[in-house]
Amino acid sequence: MDKIFFLASFMTVSLISAQKLRNEDVTGFWKLKEAGFYENKKKVVKQFDNCRLMRNYAIREDGFAIYNYVEGKVGDCSPSEPRLSFWRIVENRIQFYVDDQNILEEVEVTMNKDNTITFSSYIPEQKKVNGDALAEKIVNTVHYDILEKQY
């Protein structure tokens with residue numbers, strides 16, 4: 001009986017976590033709310049001021065996406081050149097790309113209960129960097145951005 005209950009519970013959790021990501025779930029103008037990374041399975045929040053919190057994604061229905069990256073400090077914000085790309089959904093991820101061979105960014109998407117979304121680094125396999133443990137740690141670190149829909 002316990003095995004049946006476990007199996008039924010596992011299937012229910014799997015179905016909930018395997019909800020299909022749809023275009024209408026991710027289209028819109030999304031502004032950065034929080035960002036950070038995971039270290040030893042613990043969330044580490046980066047402290048950003050309002051300048052860096054101006055970072056945003058415009059994910060359009062026509063298949064184009066614009067990412068605006070801002071650095072600096074309040075009073076001296078430095079926006080980068082906006083990154084224009086295409087986007088597509090692949091399972092629970094978004095790929096931002098310029099052509100099928102050049103993926104600029106691929107993120108796992110989590111829909112949150114508070115109407116935000118979380119983009120997490122998609123690292124399908126751990127990468128090896130021979131002779132450089134720090135570089136290996138950096139390339140395998142999962143970063144996240146919590147984005148809040150503006151419209």
Side-chain angles (χ1 to χ4, degrees), residues 4-127 136-151:
I4 293 171
F5 177 76
F6 173 77
L7 184 59
S9 297
F10 177 76
M11 289 174 61
T12 301
V13 170
S14 295
L15 288 174
I16 291 170
S17 63
Q19 292 176 347
K20 184 161 174 57
L21 193 59
R22 303 169 304 162
N23 287 7
E24 55 267 22
D25 295 333
V26 298
T27 55
F29 183 78
W30 298 89
K31 186 177 172 200
L32 183 64
K33 181 178 179 181
E34 178 183 304
F37 57 95
Y38 295 96
E39 187 167 49
N40 298 323
K41 299 183 181 183
K42 291 184 182 177
K43 188 176 180 182
V44 178
V45 179
K46 292 181 187 176
Q47 296 303 312
F48 285 161
D49 60 21
N50 288 334
C51 181
R52 289 184 179 181
L53 288 172
M54 291 172 33
R55 297 175 186 176
N56 62 74
Y57 286 85
I59 302 175
R60 301 177 3 179
E61 293 174 359
D62 63 2
F64 285 97
I66 302 167
Y67 175 57
N68 289 294
Y69 184 83
V70 180
E71 277 291 342
K73 296 179 181 167
V74 173
D76 187 24
C77 296
S78 301
S80 68
E81 185 72 26
R83 182 188 79 192
L84 177 65
S85 67
F86 299 106
W87 68 276
R88 65 180 161 227
I89 292 174
V90 177
E91 298 172 358
N92 67 334
R93 303 182 307 278
I94 296 178
Q95 289 179 341
F96 297 97
Y97 65 98
V98 290
D99 60 43
D100 285 337
Q101 307 305 315
N102 292 304
I103 296 172
L104 301 171
E105 180 181 19
E106 186 166 9
V107 294
E108 292 185 40
V109 179
T110 304
M111 306 302 297
N112 304 316
K113 292 179 183 175
D114 64 353
N115 295 321
T116 61
I117 59 175
T118 300
F119 286 178
S120 300
S121 306
Y122 176 64
I123 305 172
E125 295 177 5
Q126 294 291 298
K127 298 171 180 82
E136 187 170 309
K137 179 181 178 184
I138 291 169
V139 299
N140 290 302
T141 297
V142 174
H143 292 265
Y144 74 89
D145 293 333
I146 297 176
L147 304 163
E148 186 170 41
K149 191 168 192 174
Q150 303 298 298
Y151 54 88

Subject >> Worked check of ring pair (Phe, Tyr, Trp, His ring centres under 6.0 Å) between Phe86 and Phe64 >> reply: CA-CA 4 Å; Phe86 299 106; Phe64 285 97; 5.0 Å; yes
Subject >> Worked verdict on Met111 versus Ile117 for side-chain contact (heavy atoms from CB on, under 4.5 Å) >> reply: CA-CA 5 Å; Met111 306 302 297; Ile117 59 175; 3.4 Å; yes
**OP:** Decide side-chain contact (heavy atoms from CB on, under 4.5 Å) for Phe48 and Met54; before the verdict, give the C-alpha distance in whole Å, the side-chain angles of both, and the deciding distance to 0.1 Å.
**Re:** CA-CA 10 Å; Phe48 285 161; Met54 291 172 33; over 6 Å; no
**OP:** Please test Glu71 against Arg55 for side-chain contact (heavy atoms from CB on, under 4.5 Å), starting from the C-alpha separation and ending with a verdict.
**Re:** CA-CA 9 Å; Glu71 277 291 342; Arg55 297 175 186 176; 2.8 Å; yes
**OP:** Tell me, with the steps shown, if Asn23 and Trp87 meet side-chain contact (heavy atoms from CB on, under 4.5 Å).
**Re:** CA-CA 10 Å; Asn23 287 7; Trp87 68 276; 3.8 Å; yes
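Under a 3.5 Å cut-off, the side chain of Gln150 and the backbone N or O of Glu148 do form a donor-acceptor pair. In this structure, Lys149 contributes its side chain and Thr27 its backbone to a donor-acceptor pair below 3.5 Å. No donor-acceptor pair closer than 3.5 Å links the side chain of Ser78 to the backbone N or O of Gly72. When atom types are taken as modelled, the side chain of Asp114 and the backbone of Thr116 share a donor-acceptor pair closer than 3.5 angstrom.
Rounding to the nearest 0.5 Å places OH of Tyr57 at 5.5 Å from CG of Asp145. One finds the CD1 atom of Ile94 at 10.0 Å from the OG atom of Ser85 (value rounded to the nearest 0.5 Å). The distance from the CD1 atom of Ile146 to the NZ atom of Lys43 is 4.0 Å, given to the nearest 0.5 Å. Here the CG atom belonging to Leu147 is positioned 5.0 Å from the CZ atom belonging to Phe119, to the nearest 0.5 angstrom. Taking CD from Glu34 and NZ from Lys46, the interatomic distance works out to 11.5 Å, rounded to the nearest 0.5 Å. In this structure, CZ on Phe29 lies 7.0 Å from CG on Asn68, to the nearest 0.5 angstrom.
Shown here is Asn102, whose CG atom has more than 12 heavy atoms of other residues, nucleotides or ligands within 6.0 Å.
Nearest heavy atoms, Val74 versus Asp49: N-OD2, 3.4 Å. Shortest non-hydrogen contact noted between Arg60 and Asp62 is NH2-OD2, 2.5 Å. Nearest heavy-atom pair, Val26 versus Leu21, reported as atom, atom and distance to 0.1 Å: CG1-CD1, 4.0 Å. Heavy-atom minimum distance, Lys127 versus Glu136: O-CG, 3.3 Å. Among all heavy-atom pairs drawn from Trp30 and Asp25, the shortest one is CZ2-O, 3.6 Å. Contact detail for Val107 and Glu105: the closest heavy-atom pair is CG1-OE2, 3.7 Å.
Judged by the 6.0 Å distance and 45° axis criteria, Arg88 is positioned over the aromatic ring of Tyr97.
Each disulfide bond (SG atoms under 2.5 Å apart) pair with one or both residues in residues 38-118, not counting sequence neighbours, appears once here: Cys51-Cys77.
By the side chain to side chain contact (heavy atoms under 4.5 Å, CB included) test, Glu24 pairs with Arg22, sequence neighbours left out. The side chain to side chain contact (heavy atoms under 4.5 Å, CB included) check on Glu106 picks up Arg93, Gln95, Ile103, Tyr122, with sequence neighbours excluded.
Ring geometry for Tyr144 against Tyr38 counts as tilted: the plane angle lies between 30° and 60°, on a 0 to 90° scale.
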